[in-house]
Peer 1: 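This is the structure I want to talk about, given as structure tokens.
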Amino acid sequence: QLQFVESGGGLVQPGGSLTLSCAASGFNFVLNAIGWFRQAPGKERERVSCISSRGQSTDYKDSVKGRFTISRDNAKKTVYLQMNGLKPNDTGVYYCAVVRGSCTMPIGMSNWGEGTPVTVSS
């Protein structure tokens, strides 16, 4: 059973950068696609980015393309989300989770972490 712990969130000014980490414990990390999700206040949770099990393919929500970069280190069982050019509407709690199936054909999500809050404000 995989468990995730997210870290790296905080308060940042518009235009700033943060790097989020999602550290996994348990088995089968290298077999799973992993996604980063966020939930803004009063809104539904949405998928921000996804990375395949071996890191060979990635995808991004349109609004973060060119600003966010997802990566993974399977030896460290960690997935990262580098966020540059942050905007106020990037504010939310960021979670990682297993994307069952694949990034391109997901059949569900599981093993949610507790999340790390990101606030973009001047």
Side-chain angles (χ1 to χ4, degrees):
Q1 181 77 357
L2 278 176
Q3 292 183 314
F4 295 118
V5 177
E6 301 94 337
S7 62
L11 172 64
V12 63
Q13 292 187 341
S17 298
L18 285 173
T19 300
L20 306 183
S21 297
C22 169
S25 60
F27 297 98
N28 297 328
F29 176 80
V30 299
L31 300 180
N32 289 284
I34 306 295
W36 277 103
F37 301 78
R38 70 185 178 194
Q39 186 165 20
K43 295 187 177 180
E44 294 188 353
R45 194 173 298 187
E46 60 182 0
R47 192 170 99 177
V48 174
S49 184
C50 186
I51 187 165
S52 61
S53 60
R54 287 176 290 176
Q56 72 273 32
S57 64
T58 59
D59 68 37
Y60 300 91
K61 178 178 173 62
D62 283 347
S63 62
V64 308
K65 285 180 181 176
R67 300 188 296 121
F68 290 12
T69 303
I70 191 170
S71 61
R72 67 190 291 164
D73 185 334
N74 283 347
K76 295 182 178 180
K77 292 187 178 180
T78 302
V79 177
Y80 304 96
L81 187 69
Q82 172 69 43
M83 307 187 294
N84 299 324
L86 283 162
K87 303 176 180 180
N89 61 6
D90 293 318
T91 293
V93 179
Y94 284 69
Y95 304 86
C96 57
V98 169
V99 176
R100 299 198 308 272
S102 68
C103 291
T104 53
M105 295 185 66
I107 58 173
M109 284 74 71
S110 62
N111 307 80
W112 292 96
E114 294 295 318
T116 185
V118 172
T119 302
V120 184
S121 175
S122 55

Peer 1: Provide the closest heavy-atom pair for N111 versus F4 in the form atom of the first, atom of the second, distance.
Peer 2: O-CD1, 2.9 Å
Peer 1: Applying side chain to side chain donor-acceptor pair (under 3.5 Å), can you list everything that pairs with E114, at least two apart in sequence or on another chain?
Peer 2: none
Peer 1: Flag yes if more than 12 heavy atoms outside R100 fall under 6.0 Å of its CZ atom; otherwise flag no.
Peer 2: yes
Peer 1: Under 4.5 Å between side-chain heavy atoms, counting indirect links through other Ile/Leu/Val/Met/Phe/Trp/Tyr residues: same cluster for L11 and L86 or not?
Peer 2: no
Peer 1: Considering residues at least two apart in sequence or located in another chain, which fulfil the salt bridge (charged side-chain N to carboxylate O under 4.0 Å, His left out) criterion with K43?
Peer 2: none
Peer 1: Which side-chain hydrogen bond (donor to acceptor under 3.5 Å, both in side chains) pairs, counting each pair once, include a residue from residues 10-37, with sequence neighbours left out?
Peer 2: S17-N84, T19-Q82
Peer 1: Once side chain to side chain donor-acceptor pair (under 3.5 Å) is applied, do any residues pair with T58, and if so which ones, sequence neighbours excluded?
Peer 2: none
Peer 1: Quick one: side chain to side chain donor-acceptor pair (under 3.5 Å) partners of T119, sequence neighbours excluded?
Peer 2: none
Peer 1: Short question: side chain of K77, backbone of G26 - any donor-acceptor pair under 3.5 Å?
Peer 2: yes
Peer 1: Restricting to salt bridge (charged side-chain N to carboxylate O under 4.0 Å, His left out), what partner residues turn up for R67, sequence neighbours left out?
Peer 2: D90
Peer 1: Which residues end up grouped with Y95 if you chain together Ile, Leu, Val, Met, Phe, Trp and Tyr wherever their side-chain heavy atoms are less than 4.5 Å apart?
Peer 2: F37, V93, V99, M109, W112
Peer 1: Looking at every heavy atom in both C96 and I34, which two are closest together, and how far apart are they?
Peer 2: CB-CG2, 4.4 Å
Peer 1: V118 vs T91, test: side-chain contact (heavy atoms from CB on, under 4.5 Å). Steps then yes/no.
Peer 2: CA-CA 5 Å; V118 172; T91 293; 5.7 Å; no
Peer 1: Quick one: closest heavy-atom pair of T78 and K76, and the distance?
Peer 2: OG1-O, 2.9 Å
Peer 1: Considering non-hydrogen atoms only, spot the tightest contact between P106 and C103 and give its length.
Peer 2: CD-O, 3.6 Å
Peer 1: Linking directly or through intermediates, with side-chain heavy atoms under 4.5 Å: list the remaining ILVMFWY members grouped with Y80, chain and number order.
Peer 2: none
Peer 1: Which pair of heavy atoms, one from S122 and one from P14, lies closest together, and at what distance?
Peer 2: N-CD, 3.7 Å
Peer 1: Output all residues satisfying salt bridge (charged side-chain N to carboxylate O under 4.0 Å, His left out) with R72, sequence neighbours left out; order by chain, then residue number.
Peer 2: none
Peer 1: Return the set of residues passing side chain to side chain donor-acceptor pair (under 3.5 Å) with Y94 (not counting sequence neighbours), or none when no residue passes.
Peer 2: R38
Peer 1: List the residues meeting salt bridge (charged side-chain N to carboxylate O under 4.0 Å, His left out) with K61, not counting sequence neighbours, and say none if there are none.
Peer 2: E46
Peer 1: Apply the test side-chain contact (heavy atoms from CB on, under 4.5 Å) to residues L20 and M83: give CA-CA distance (whole Å), side-chain angles for both, the deciding distance (0.1 Å), then the verdict.
Peer 2: CA-CA 8 Å; L20 306 183; M83 307 187 294; 3.7 Å; yes
Peer 1: Just jot down the ring-ring contact (aromatic ring centres under 6.0 Å, His included) partners of Y60, sequence neighbours excluded, or say none.
Peer 2: none
Peer 1: Under 3.5 Å, side chain of S52 to main-chain N/O of S57, donor-acceptor pair present?
Peer 2: yes
Peer 1: Starting from the C-alpha separation in whole Å, work towards a yes-or-no answer on side-chain contact (heavy atoms from CB on, under 4.5 Å) for S49 and L81.
Peer 2: CA-CA 8 Å; S49 184; L81 187 69; 4.2 Å; yes
Peer 1: Could you tell me if the side chain of L31 sits less than 4.5 Å from the side chain of S53, heavy atoms only?
Peer 2: no
